[in-house]
J.: 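Structure in structure tokens, see below.
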Amino acid sequence: MAAVEIKKNIFWVGAVDWNIRTFHGHTYSTNRGTTYNAYLIVDEKVTLVDAVLGPFAAEMLERIKEIIDPIRVDYIVVNHIETDHSGALPEIIKICPKAKLYGTAKCKEGLEKHYYGNWDFQVVKTGDTLKLGKRALTFIEAPMIHWPDSMFSYCGEEKLLLPNDAFGQHYAASERFDDETDGAVLMDEAAKYYGNILWPLSSVILRKIEEIKKMGIAIDMIAPSHGIIWRKDPMKIVNAYLSWTRNETRPKAVIVYESMWGATEKMARKITESLIDSKIAVKLFDVAVSDRSEIIRQMLDAKGFIFGSSTHDNGMLPAIAGFLQFYKGLKPKNRIAAAFGSYGWAGGAIKEIEDAIKESGAELAQSGLGVKYVPNADELKMCYEFGREFADKVRSSEPERIKNA
Ligand code: FEO
């Protein structure tokens, strides 16, 4: 795949990682792979904005060589130190040792701890400008989007925002632009990315979007460092981010459970049936056989979560326990949740689930529903009623948002 000119003399020189299937350790399933997007601006000063994961350094250098000799790179802008964007830096700096690096103070600190390189580094702050020739880059610090070091770069002459992780997707594709690719898949991957990586940072992201809006800068292209570039309708992803940062939801419930011998599963299916009959959109997941990242993606726009587990050793089963540990870190706002499960002699799972719900910040919508051993016909009716009560609460809380929108 050749370098791609995204604006006159600005090139995508990144790499497509088609076969990566887990990311961030094993916290994120990249079922559609990912890309590491780096951009080369050819002006009086040749500038590389971000880099790629270490093993893709040679691929990026080959793309740069299609355009110029890499030794000509004058500046390297490091919007973010995380390894997926900085891993190739030692290799690149070997080839262009005179290149000067630009990034935040936290970036400098982080690069030193990652690579111990004695690199020529200029610390920049929000509003600082780097003149490249006909163009300039303006820097906007963006701490915690995604790490404390993160920043965005903006080229006013090209109306181009380079926001690194923000607005990205883990989506390997032969296409580079939103108007070339499947829009539904693109938005699905953008939502999955937001839900799994950025959800806990929602208030920070909302403030940053509002800050950039107040700056009044014109943007006609957003080129993130993962996935597809937004050129047809950059506001589509900005508006989606505004909705996600505000924790807007719809009448939808996600039920996540783990069952030892099938009794908790029977309960889950009856609760699901009840919600569907109540016209609430539902997604049901057996967490022991489901992809956690996909569950989180489905939770992003859902008003309600229902978690279930059989009791084992007076507590939850291990897969749901691991899931809830991850879920708590997402700190979802404006959500309701409830717990259910079967037990043999002493319970315990429901209390643990309810503790996790409270810790996450979601509102405990109703009392947990426990059933001894296997639910009989009357107990299945109780499950149905449990679902109906939850559906009423989902529905009654949604009009408020619509009214206030
Ligand atoms: Fe794509 Fe926070 O790294």
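Both ligands and their constituent atoms are indexed starting at 1 by order of listing. Computed over heavy atoms, backbone and side chain alike; hydrogens, waters and symmetry mates excluded.
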J.: Let me know which of Asn31, Asp182, Thr181 forms a side chain to side chain donor-acceptor pair (under 3.5 Å) with Tyr171.
T.: Thr181
J.: At a cut-off of 2.8 Å, list the protein N/O/S atoms near atom 1 (Fe) of ligand 1, residue plus atom name.
T.: Asp84 OD2, His85 NE2, Asp165 OD1, His226 NE2
J.: From the options Asp179, Leu186, Ile237, select the one residue that forms a side chain to side chain contact (heavy atoms under 4.5 Å, CB included) with Ile228.
T.: Leu186
J.: Hey, is the main chain of Asp165 close enough, under 3.5 Å, to the side chain of Tyr193 for a donor-acceptor pair?
T.: yes
J.: Can you check whether Leu89 reaches Val78 side chain to side chain, under 4.5 Å on heavy atoms?
T.: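 Contact flag for Leu89/Val78 side chains = yes.
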J.: Would you sort out whether Tyr36 and His85 count as a ring pair (Phe, Tyr, Trp, His ring centres under 6.0 Å), showing the intermediate values?
T.: CA-CA 7 Å; Tyr36 314 107; His85 309 291; 7.2 Å; no
J.: Going by side chain to side chain contact (heavy atoms under 4.5 Å, CB included), name the residues that satisfy it together with Arg21, two or more places apart in sequence or in a different chain.
T.: Asn19
